[in-house]
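Some notes on the structure that comes next.
Keep in mind it's a predicted model, so treat the numbers as computed, not measured. Numbers here simply count residues along the sequence, with the first being 1.
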Amino acid sequence: MTSTVPNAVQHTDAQPPITMFGPDFPYAYDDFLAHPAGIGQIPATEHGAEVAVIGGGLSGIVTAYELMKMGLRPVVYEADRIGGRLRTVGFEGCDPALTAEMGAMRFPPSSTALQHYIDLVGLETKPFPNPLSPATPSTVVDLKGESHYARTIDDLPPVYREVMDAWNSCLEEGADFSDMNRAMRERDVPRIREIWAKLVEKLDDQTFYGFLCASDSFSSFRHREIFGQVGFGTGGWDTDFPNSILEILRVVYTEADDHHRGIVGGSQQLPLRLWEREPQKLVHWPLGTSLSSLHDGQPRGAVTRLDRTAGNHVTVTDATGDIRTYRAAVFTGQSWLLLSKIACDDALFPIDHWTAMERTHYMESSKLFVPVDRPFWLDKDATTGRDTMSMTLTDRMTRGTYLLDDGPGKPAVICLSYTWCDDSLKWLPLSPKERMDVMLKSLGEIYPGVDIRKHVIGNPVTVSWENEPYFMGAFKANLPGHYRYQRRLFTHFMQDRLPADKRGLFLAGDDISWTAGWAEGAVQTALNAVWGVMAQFGGATDPTNPGPGDVFDDIAPVELPEG
């Protein structure tokens with residue numbers, strides 16, 4: 001997601017950056033991670049105790065890494081591959097350096113806890129070529145068969161500026177945007193909570209589309225239609241129209257859709273490097289210890305069953321039939337897996353938490369990439385002087401097309417299509433080749449003089465996350481009325497609020513966070529779970545660096561009445 005239509009408050013170097021991710025729980029995870037006292041410790045008598053970590057995506061690997069540093073022994077279970085939806089793949093027969101990001105591919109600077117780990121493992125980032133961004137040579141917006149070539153929004157017809165102004169007015173009138181943006185920059189927690197509490201109560205039952213329609217600024221259907229097809233997000237946000245407006249406000253308040261950067265060499269390097277990393281500061285384990293060394297190089301396989309057993313332990317059965325029992329476990333996969341792929345004891349969670357998981361709403365998402373011989377799109381059209389091809393937003397089947405290169409003359413990659421929800425489901429029955437053929441036909445209608453196919457040097461790679469057996473969807477997106485469900489899942493790490501026989505199994509992952517679809521949410525919920533496990537083993541944080549559970553009562557998410 002990125003700003004095609006700019007937000008109401010533009011970022012400048014004179015403004016402090018947003019460094020918290022979400023108004024629901026305004027906790028400074030970046031400061032927590034950076035503090036010299038560390039994020040907590042456990043009693044020496046507990047050193048070496050095993051903790052199950054189910055899921056080897058970013059949340060699971062961050063959880064395991066921090067538990068290892070505390071002196072616990074994480075036991076990681078992973079059904080597929082380390083990385084989860086940080087999945088970087090190559091193209092058969094092509095240079096291994098030529099890769100495609102099947103899941104997360106762009107990250108906002110406001111993801112400051114995520115950036116801590118990116119820096120920790122020595123990865124580099126570079127600007128991501130979103131529509132109309134400075135990193136994008138040109139953008140073509142193609143709607144209803146009419147194409148517009150642009151380098152900035154001012155190159156588009158006046159109606160796009162009208163849509164931008166309508167969105168800015170809508171945010172100001174309906175969501176106190178400037179006031180919240182300022183409060184988040186200044187880390188003014190009381191003001192953040194004051195603004196957000198009113199909006200949660202007012203808007204929990206409102207869809208994104210209903211929020212637009214309620215504004216006089218968007219009285220024009222044509223403006224709403226353009227906003228949905230192009231909007232302030234890549235590929236248009238009409239696929240988000242049925243979702244809760246609270247989900248959208250979290251994105252715009254935190255500038256999650258702005259100033260995106262990609263990870264050089266691919267995002268999957270982050271969990272893989274953490275897996276191999278040997279921390280210089282760790283307790284109990286000798287120097288040279290890594291998650292990899294604790295697992296002899298490979299995580300354990302898929303979990304097939306979870307049970308409550310004597311003494312309120314969690315018993316894990318994996319695909320080999322091996323059964324192990326733990327005093328604490330962290331589940332970091334998408335919560336629907338607990339309803340389907342894994343046989344679960346009802347006693348694992350209170351009934352209200354099971355209900356929240358059952359009501360979780362996931363967005364579908366698909367991508368298709370092809371390798372090409374060079375970034376031919378930078379060639380100039382002899383007649384117009386324009387780029388031969390541009391980053392493309394359209395109402396055709398492709399919706400969003402991204403052009404990715406490492407410089408002139410080098411092999412490059414095109415993401416022919418990136419779509420969500422109903423647009424993603426349209427691709428589901430088609431093979432990779434069939435998908436590519438339809439996409440090339442659509443793009444051929446936008447660029448009739450460009451033979452994209454002649455530049456393709458390998459087979460396409462594609463993904464439909466709703467068809468991935470260990471995911472069943474791309475990311476959570478709450479529907480109206482789902483706030484209470486999300487609060488139950490997010491606050492689950494505060495287990496002193498739970499019955500004694502429902503403790504010891506912790507939830508983490510981006511769908512547990514308030515900001516699903518963003519890697520920052522995976523990191524934050526991992527740190528919440530680490531705090532919970534630490535407390536489970538009788539540990540504590542340093543008084544100078546209180547953890548998320550220590551300050552919970554002061555910044556807990558708004559609680560709506562259940563009656």
When you compare the side chains of [X] and [Y], does any donor N or O come within less than 3.5 Å of an acceptor on the partner?
X	Y	result
E278	T289	no
K476	Q486	yes
Y27	N528	no
E101	S267	yes
S464	E364	no
N545	D542	no
N478	S244	no
T315	T325	yes
R305	T317	no

Does a salt bridge link [X] with [Y], judged by any charged N lying under 4.0 Å from a carboxylate O?
X	Y	value
E46	R327	yes
R399	D423	yes
R250	D24	yes
D322	R324	yes
E562	R487	no
D204	R484	yes
E255	R185	yes
D188	R193	no
D257	R106	no
D31	R187	yes

(message) Which residue in the set K341, R85, R87 passes salt bridge (charged side-chain N to carboxylate O under 4.0 Å, His left out) when paired with E468?
(response)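 The passing option is R87.
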
Looking at [atom1] of [X] and [atom2] of [Y], how far apart are the two atoms once the value is rounded to the nearest 0.5 Å?
X	Y	atom1	atom2	value
L58	I61	CG	CD1	8.5 Å
F241	T239	CZ	OG1	9.0 Å
W420	W465	CH2	CH2	15.0 Å

(message) The test is ring pair (Phe, Tyr, Trp, His ring centres under 6.0 Å); show your working for H47 and W285 and say whether it passes.
(response) CA-CA 9 Å; H47 288 165; W285 303 109; 9.0 Å; no

(request) Assign the ring pair Y362 / W336 to parallel, tilted or perpendicular, where the plane angle (0 to 90°) is split at 30° and 60°. (result) perpendicular

Flag yes if more than 12 heavy atoms outside [X] fall under 6.0 Å of its [atom1] atom; otherwise flag no.
X	atom1	result
E201	CD	no
E276	CD	yes
Q41	CD	no

(request) Please test F493 against F506 for ring pair (Phe, Tyr, Trp, His ring centres under 6.0 Å), starting from the C-alpha separation and ending with a verdict. (result) CA-CA 6 Å; F493 77 99; F506 297 85; 8.4 Å; no

(message) One pair to check against ring pair (Phe, Tyr, Trp, His ring centres under 6.0 Å): F490 and W514. What are the steps and the verdict?
(response) CA-CA 7 Å; F490 178 83; W514 295 103; 5.8 Å; yes

(request) Could you walk me through whether V330 and I54 pass the side chain to side chain contact (heavy atoms under 4.5 Å, CB included) test, one step at a time? (result) CA-CA 6 Å; V330 183; I54 303 164; over 6 Å; no

(request) Step by step, work out the ring pair (Phe, Tyr, Trp, His ring centres under 6.0 Å) result for Y209 and F211. (result) CA-CA 5 Å; Y209 190 72; F211 180 75; over 10 Å; no

(request) State, with a plain yes or no, whether a side-chain heavy atom of D511 is found less than 4.5 Å away from one of T525. (result)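 Sidechains of T525 and D511: no contact.
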
(message) Contact between D346 and R308 at the side-chain level, heavy atoms closer than 4.5 Å - yes or no?
(response) no

(message) For the residue pair K502 and F349, would you count it as a cation-pi contact if the rule is NZ or CZ under 6.0 angstrom from the ring centre and within 45 degrees of the ring axis?
(response) no

(message) Among L282, L291, V76, exactly one meets side-chain contact (heavy atoms from CB on, under 4.5 Å) together with Y65. Which residue is that?
(response) L291

(message) Before you tell me yes or no, could you show the steps for E466 and S424 under side chain to side chain contact (heavy atoms under 4.5 Å, CB included), namely the whole-Å CA-CA distance, both residues' side-chain angles and the distance that decides it to 0.1 Å?
(response) CA-CA 9 Å; E466 58 273 21; S424 178; 2.8 Å; yes

